[in-house]
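Structure, as structure tokens:
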Amino acid sequence: MKRCDRLIDVGRRRFLTGAGAMTAGAAAASVLAPEAKATPGAALVSYPPNRLANVSDLKVNEPLDVAYPDDEAPGVLIKLGTRVPTGVGPDGDIVGFTILCPHKGFPMAYDAADKTLNCPGHYSRFDCERGGQQIWGHATQNLPQYALRVDEKGDIYAEGVDELIYGRLSNVL
Amino acid sequence: MAYKRQIGRLPIVPADAKEHNVVCHYCIVGCGYKAYTWDARYEGGTAPSENKFGTDLTAQQEAETAAWYAPSMYNIVRQDGRDVHLVIKPDKECVVNSGLGSVRGARMAEMSYSRQRNTQLHRLTDPLVWRYGQLQPTSWDDALDLVARVTAAVIDEQGEDGLFVSAFDHGGAGGGYENTWGTGKLYFGAMKVKNIRIHNRPAYNSEVHASRDMGVGELNNCYEDAELADTIVAVGTNALETQTNYFLNHWVPNLRGTSLAKKQAEFGSEPVDRARIIIVDPRRTVTVNACEVEAGKDNVLHLAINSGTDLALFNALLTHIADKGWTDKAFIDASTSGFEKALTANRMTVEEAARITGLAAGDIVKAAEWIARPKAGGVRRRTMFAYEKGLIWGNDNYRTNGALVNLALATGNIGRPGGGCVRMGGHQEGYSRPSDAHVGRPAAYVDKLLIEGKGGVHHVWACDHYKTTLNAMEFKRVYKKRTDLVKDAINSVPYGDREAMVAAIMGAIRQGGLFSVDVDIVPTKIGEAAHVILPAATSGEMNLTSMNGERRMRLTERYMDPPGQALPDCLIAARLANHLERVFRAAGKTDTADKFKGFDWKSEEDAFMDGYHAHEKGGAFVTYERLRAMGTNGFQEPAVAVENGRIVGTKRLYADGKFNRPDGRAQFMETAWRGLQAAGKEAEKEKFAFLINNGRTNDVWQSAYLDVENEFVMDRWPYPFIEMNPQDMAELTLKEGDLVEVYNDNGSTQAMVYPTPTARRKQVFMLFAYPAGVQGNVVSAGVNEFIIPNYKQTWGNIRKIADAPDGVRHLSFKSPEYPASPA
């Protein structure tokens, strides 16, 4: 999986020179074939229910690298330590977000000091405790957040995303 | 929780989509975009041959890709009567923004009128008239007949001074060369209207009189100069928020050191380094933070001066630089006049300036060194000076502007690569009008005259005094009273009896009433008082030309239909002129009627050819066809030639050392410090506890006239924020999100508390011109000698109104500052 954990570590300056740009990966193609007969299409994107982690994998205020809806879409799960409206898990404090900035697609870094995701490209900031609201920045949308579910074993599943992820015109490729 | 669109997929731009040149119609920077349109019934595919980008869209695209667009860049609109998909995305090939989109411009598609997707449905679609006690739709001819008859009747009784006008003078939306010419030809050509004002100030005047008087046009460099400068001096400009992509695409590379190769290529063996930057601003802004992140704190000097003391700082810098022998004597001798006289008049010691500005003397000396101390080998430093509303709307505008230009001239930094002394700008520019010399100087203080009961009819073009003027509360009180008199008169007569109607309106005007005509694209606050409302088209619904902050002129091509019957402003002006001609002719006033000839334009292009092409410097080289071919890069005004079908422009003004005065020499200005200049400001400062500093945030364009219908923006800012130090909050027992009242002797308004640890004690910063809390309510009527308002130096008290209402409880109140090294 060409994840971005290493990309985050290499620091902001490399992204800016292009060295850390995301590598495009192969994904299932779904080109519509020209047909005389009408083909039904879904009104909504059909998201895979993917297991991302178990509750026991998470430590408070430490982001866990995940990917959703596929390996080319890096994200994080965070156990915030305080209950939030969209939080899941026994403490209602687990949230998940894409880490691709919706402005220009740079991978963002988590700042544990104030529980924000921060873009090294152009300084946009998103509040993980407020549903990914852009605190300040250039994106014209708030940060895409995962719809999460936790089963009885503590396994955390993502089942959807609430905004368009940067770099794809369909959240499911 | 935060607003989410729940959009997981967007239609794909097909390979055969139409492509249109677009320049963002919001801020001065004028970023290049492309609009793609195609029929609503289909979309492109993910295979490279099936989409406009020739890209495999089944793959995740990398950062900064041209093959992605956000939901805000998409809509469905009408084009030539058909429904089409619309994608407006930043253009990578535009040298202004290189593919960057701001949080404002990247919403252009979503901020378009779409009945299909319910966006911007507040847009005006029909002429409206006050009829049976409310505004009702009518035809253009009916509305214009009423306007023309009342206007003509007022002119008959009061002369042209009875006609008051408020009109945009800029480029971009609500402006452009076509529309400034249309309105200009009507009011300054067919008539000689004197009681006229501009959209954001109460008179018809330049915001940068001083620079122009000195022979230095205010947009004299190019954006590349910010990449070439050794030092950037930024005065009262928060460029990251208000000229976003100019800052990101041209300042940041220099701060980061990535423009060094460009410097070496330009300057040869001259020593070069990454830029240093001096920021003069009482407030720590996100611009200050970003500069520190990029250049390192050692290369950023934030001079957090006492509000309104810029002039003292500039005079001390000039004195120190001159005393050190760091002035550019050769340039001063060859290209300027009055240096020694100005230096003597403006002399101020560093210590005196430190006392007035509140700065450390060492920091003033440091600033002087960064500006003018020669580089290794005795090479002159290249310093670019940039200023905006912190200076323009600040204390003693004329002298302070002049004092900054003095510094730039004394150090030989105008007309040279890496230099310039420029305003950063608000809107784009697009001024083309017959002479305004008859307006005089100082120009009429229009708002004051309206408050005093002067004038009988008021034509308002894309202005909203209720949100964007000073002394706004008093203005609204009187304006409502005067226009209500006319409404009551209209209500007393059957609408269809035009003669009786005009007579009733004139009767009310004689009693102190005012007939108000509002031309706009949306319902405005001042429009609530109007008797006639005329619907205008905006950029993209018409072809529109403007220039940006480096005088780069482009054509935005029409890519969609205007809503309903809306027309370009230039054609509204022309049709109004036609009606006035008819009314005057019918009244037997042939000479007057004849003045309204020459308004037979059928299109905005006709207005462009009649105005810019025929009248502006270099305009003869410029046509729509040539501009289309020049794409989103256009050319820099003035045009000087056409070569191989391409317009040749001018990269920098005054590169030859010849300035815009009769003798070709720039004139130094005497600008002695005189404290808080506007009447009443000093007393206000003594009486009230808080400085009510004010300005912009990047999410919001202008007075939020379109943003009020945008969920993304209104979710973030349901009320104007007021940044406040936590200790000040504690003293007033305030919590984040609480609504407070800001009040003084001028009026009162409201705002939402945003805790800001970097805010200085007793200095708050409030979002300007926001409809849910108008900062102008508490700004005094005090102006400078040329009727420039002083919004920035306002003092007031603050008290709690209510706990945070439900609509703000989901908001983040965290710091806007990007952390230099995230934990």
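Computed over heavy atoms, backbone and side chain alike; hydrogens, waters and symmetry mates excluded. All chains are named by letter (A, B, ...) in the order of the sequence lines, taking the proteins before the strands, and each is independently numbered beginning at 1. On a predicted model such as this, the values are computed, not experimentally measured, just so you know.
Ranked by heavy-atom pairs under 4.5 Å with chain A, the list B/Leu248, B/Ile12, B/Leu57 is led by B/Leu248. Your options are B/Thr697, B/Asp715, B/Thr244, and the one with the most heavy-atom pairs under 4.5 Å with chain A is B/Asp715. Looking only at heavy-atom pairs under 4.5 Å with chain A, the residue among B/Phe813, B/Phe247, B/Phe712 that has the most is B/Phe712.
The two atoms that bring A/Lys104 and B/Leu100 nearest to each other are CG-CD2, 4.1 Å, heavy atoms only. Across every non-hydrogen atom of B/Asn698 and A/Gly137, the tightest pair is ND2-O, 2.7 Å. Shortest non-hydrogen contact noted between B/Arg5 and A/Glu163 is N-OE2, 2.9 Å. Minimum interatomic distance between B/Ser812 and A/Ile135 (heavy atoms only, all atoms of both residues): OG-CG1, 3.5 Å. When all heavy atoms of B/Gln60 and A/Arg168 are compared, the pair lying nearest together is OE1-NE, 2.6 Å. Here the closest non-hydrogen pair linking A/Gly131 and B/Ala2 is O-CB, 3.9 Å.
Between B/Met1 and the choices A/Asn142, A/Asp162, A/Thr86, the side chain to side chain contact (heavy atoms under 4.5 Å, CB included) rule is met once, by A/Thr86.
Using a 4.0 Å cut-off between charged side-chain N and carboxylate O, B/Lys814 and A/Glu129 make a salt bridge.
Contact annotation: the side chain of A/His138 approaches that of B/Leu240 to within less than 4.5 Å [non-hydrogen atoms, C-beta and beyond]. Looking at heavy atoms from C-beta onward, A/Gln141 lies in side-chain contact with B/Pro71 at the 4.5 angstrom threshold.
Side-chain atoms of A/Trp136 and B/Glu241 include a donor-acceptor pair closer than 3.5 Å. B/Glu294 and A/Tyr123 share a donor-acceptor pair across their side chains, judged by distance under 3.5 Å alone.
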